[in-house]
Amino acid sequence: MTTAAAKFKKDVRRVTADLRHRRIINAALDGYAVKRDQKKALFQDWAGARRLAAATKYEAINSLDRCLEQFARGLESRGAKVHWASTGQQACEIIVGILKQRNARSVVKSKAMTAEEIHLNEALARAGLDVVETDLGEFIVQLRDEPPYHIVFPAMHLTRGEIQETFRKRLGDAPSDNPEELTMVARRVLRQKYIQADAGITGANFAVADAGLISLTENEGNARLTGALPRTMITLVGIEKVIPRLEDLALFLPMLATVGAGQLISGYNTLYGGPRQPGEPDGPEEYHVVLLDNNRTRLLADAEKRDTLHCIRCGSCLNVCPIFRNIGGHSYGTTYCGPIGAVLTPVLKGLQEWKHLPYASSLCGACTEACPVGIDLHHHLLEHRRAAAGTKPSWWQKLAFKLFAPVAASKLLWALVTKSGRLGQKLHPIVLGTRLDPAYVWTRTRDLPPIAKTTFKEWWRRTRP
Amino acid sequence: MTITLFIPCYIDLFYPRVGMAMVRILEKLGHKIVCPESPSCCGQPAFNTGYWDESRALAVKVLDQLKDAEVVVIPSGSCGAMIKVFYPVLFAGTPQEPLAKEVSAKCYEFAQFLVDKLGVTDLGAKFPHRVTYHDGCHSLREMNIYEAPRKLLRHVAGLELVEMRQTVCCGFGGTFSAKFPAISTAMGEVKCDLAAETGAEYIVSSDSSCLMHIQGLIDRQRRKLKTIHLAEVLAGDF
Ligand code: SF4
């Protein structure tokens with residue numbers, strides 16, 4: 001077992017047994033589901049909207065080179081600087097480089113999973129920069145030195161009480177566990193940071209090719225302040241975030257809000273096109289957009305998995321995933337968790353090291369059903385398993401399946417299995433529930449049904465000779 | 001018509017009554033039943049675990065047994081999906097591809113066969129209990145079966161069908177249940193809780209493999225629920 005797999009198994013055992021965790025997550029996501037379904041019902045034709053979204057992303061990804069060039073040209077024409085980063089490390093170096101050149105000391109940041117992916121905060125800290133997350137959820141998990149629990153709801157695993165405790169410890173200020181009061185505490189701290197910050201870093205929800213614009217969606221206004229107050233603004237965006245046309249936002253913004261958070265439209269939707277233009281009263285003096293590949297072109301080259309680049313990071317597949325709901329976001333040990341994480345991580349970080357994620361699925365398909373852009377998530381998991389077993393089979397599983405085939409295919413051998421199974425079950429109580437029990441993985445938590453006195457085939461043979 | 005039954009291993013060994021109930025129902029409707037004695041497995045465990053060559057070794061035998069069938073009926077959405085949906089994938093680019101597609105086309109899950117193929121919804125069964133229906137994920141999302149079992153249940157005398165407030169996997173998932181028993185068990189508990197919330201006495205399903213997992217948990221945790229396969233409800237054995 002790889003270290004990642006061993007850690008996964010250990011964390012999974014702990015979290016699945018944690019009934020408090022189960023209650024918190026189920027309650028939160030059940031509430032989300034109600035709101036999501038209400039908003040979905042407002043679409044005239046949800047299935048049609050999904051098809052259109054999938055087709056639009058298909059178009060964007062299959063003309064990615066042209067879309068990106070167009071996108072970059074548009075931005076550059078307004079004086080923004082576009083950087084192309086092949087790897088996460090390169091992206092970090094580019095961003096640190098920009099900040100160093102500006103003699104920046106403190107940075108405000110709004111929520112960006114791509115920044116988590118490339119460990120930007122660590123790189124900034126190593127460069128001696130002070131970084132503060134401004135999204136409330138991200139701010140809370142940053143105070144706790146935790147990674148985000150969920151790609152959209154980073155602090156959903158925490159109760160009000162736990163957040164109060166965190167604020168008390170780290171900020172010395174937590175009047176009560178009232179959400180509004182806690183938000184006011186965060187706001188006081190963050191406002192100060194915005195004013196001091198030399199630079200703001202954001203992510204992006206969409207990169208609009210024809211208009212050369214970054215589209216950012218949020219609910220707290222923190223991304224707006226991150227972009228508006230500091231003199232330098234940097235946006236880190238994965239190359240797959242591209243959409244062909246500005247008008248496509250008319251579909252994607254309500255869709256993302258609906259499946260992402262059960263909202264008709266997010267609180268703040270902003271388009272960024274470059275630094276402050278002559279005559280404009282506000283905006284950053286300089287604007288940098290860092291386009292990140294970091295193995296995305298590897299997905300692009302793989303016709304089978306290319307559709308994973310359609311992902312708009314809405315989190316919907318996590319929300320409906322019974323695995324995610326029971327093991328929680330942190331157990332995955334990856335930046336992207338849930339079904340999309342289980343599909344992406346083996347590609348981005350190595351199949352053999354991370355194959356436990358595709359195996360940790362009942363292949364129920366709830367994710368695929370929920371995905372607004374129609375990514376065939378659970379069949380990708382199946383495909384990962386095939387690739388994993390194909391390149392490095394487990395000898396005992398291969399052997400077991402090899403031996404099972406002729407047994408299941410033979411009348412005689414199957415009858416023998418039936419008979420010896422009955423005998424085995426007579427002896428089973430001796431070892432039941434102990435490590436010697438060959439069915440331990442099943443019988444530790446579940447009873448096994450007895451083999452019938454007359455199996456179907458015995459009955460069939462007897463009654464229909 | 002002549003109906004070929006495919007009886008998966010766990011129905012043969014643990015739940016023969018499900019197979020018997022199916023035989024009785026289909027015979028009562030005037031059909032001739034044949035049932036190949038082997039193979040006893042469609043090859044799904046190997047397939048889902050990634051061992052496609054090993055899966056194919058079994059699946060070719062299944063194809064061979066089913067190639068001359070008029071229609072094939074399977075008491076499980078899971079094995080049904082394997083043959084109907086995944087055999088064409090498994091055999092893609094092999095000499096058996098056309099045969100796999102041919103068999104796929106004449107293969108039905110039990111409830112789907114009754115309702116969509118035969119147009120039967122009322123079997124005159126009686127089952128005076130409050131029940132909830134568990135959709136096996138393969139029935140639901142690979143075979144797109146939702147209405148058929150419910151139509152059948154609605155025509156059972158005395159039966160009250162109450163839906164769970166969430167359609168969610170029970171956590172069986174084949175080899176997943178053994179590879180990740182902790183997750184599988186937690187999912188099963190959530191499922192049982194949802195079913196219990198409805199106040200149902202029975203969880204009915206078209207998938208005995210899901211029910212084996214759910215009943216195993218119920219027995220171990222001494223919960224009040226019971227499980228039963230749709231065919232048994234319709235055969236009116238109780
Ligand atoms: S895979 Fe689909 S459902 Fe999951 S985050 Fe991406 S877009 Fe959303």
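Computed over heavy atoms, backbone and side chain alike; hydrogens, waters and symmetry mates excluded. Throughout, protein chains are lettered first and strands after them, A, B, ... in sequence-line order, and every chain is numbered starting at 1.
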- Message: Heavy-atom cut-off 4.5 Å, strictly under: side chain, backbone, both or neither for B:Val23 against chain A?
- Response: side chain
- Within a radius of less than 6.0 Å around CZ of A:Arg422, do more than 12 heavy atoms belonging to other residues, nucleotides or ligands occur? yes
- Task: Name, in order of residue number, those residues of residues 365-380 of chain A that have a heavy atom at a distance of less than 4.5 Å from a heavy atom in chain B; otherwise write 'none'.
- Result: A:Gly365, A:Ala366, A:Glu369, A:His378, A:His379
- Item | A:Arg462 and A:Glu458 ion-paired at < 4.0 Å | no
- Query: So which part of B:Val85 gets closer than 4.5 Å to some heavy atom of chain A, the side chain, the backbone, both or neither?
  - Reply: neither
- Message: Quick check on the structure: residues of residues 51-59 of chain B within a heavy-atom distance below 4.5 Å of chain A, by number.
- Response: B:Tyr51, B:Trp52, B:Glu54, B:Arg56, B:Ala57, B:Leu58
- SB check B:Glu142 B:Lys84 (cutoff 4.0 Å): no
- Message: Run the salt bridge (charged side-chain N to carboxylate O under 4.0 Å, His left out) test against B:Asp193 and tell me which residues pass, sequence neighbours left out.
- Response: B:Arg223
- Item | Under 4.5 Å from any heavy atom of chain A - which part of B:Pro36 | backbone
- A:Asp11, A:Val12, A:Asp18 screened by side-chain contact (heavy atoms from CB on, under 4.5 Å) with A:Ile327, the one that passes: A:Val12
- Message: Measuring centre to centre across the rings, with the benzene-like ring taken for any Trp, is B:Tyr133 within less than 6.0 Å of B:Tyr146?
- Response: no
- Query: What part of B:Gln166 gets closer than 4.5 Å to chain A, counting heavy atoms only: side chain, backbone, both or neither?
  - Reply: side chain
- Please state whether the rings of A:Tyr149 and A:His157 are parallel, tilted or perpendicular, taking 30° and 60° as the class boundaries. parallel
- Note on the structure: If one checks every heavy atom of B:Lys179 against chain A at 4.5 Å, the contacting part turns out to be both
- Could B:Lys32 and B:Glu70 be called an ion pair, given the rule that one side-chain N must be under 4.0 Å from one carboxylate O? no
- Message: Using heavy-atom distances under 4.5 Å, tell me whether B:Ile33 contacts chain A through its side chain, its backbone, both, or neither.
- Response: both
- Task: Give me the one residue out of B:Ser208, B:Ser76, B:Ser78 that meets side chain to side chain donor-acceptor pair (under 3.5 Å) with B:Tyr10.
- Result: B:Ser76
- Query: Can you check whether B:Phe176's main-chain N or O pairs, donor with acceptor, with A:Tyr359's side chain at less than 3.5 Å?
  - Reply: no
- Relative to chain A, which segment of B:Phe180 carries a heavy atom at a distance below 4.5 Å: side chain, backbone, both, or neither? side chain
- Any idea which of B:Ser177, B:Gly174, B:Gly171 has the most non-hydrogen atom pairs under 4.5 angstrom with chain A? B:Ser177
- Query: Does anything in residues 21-29 of chain A get under 4.5 Å of chain B by heavy atoms, and if so which residues?
  - Reply: A:Arg22, A:Asn26
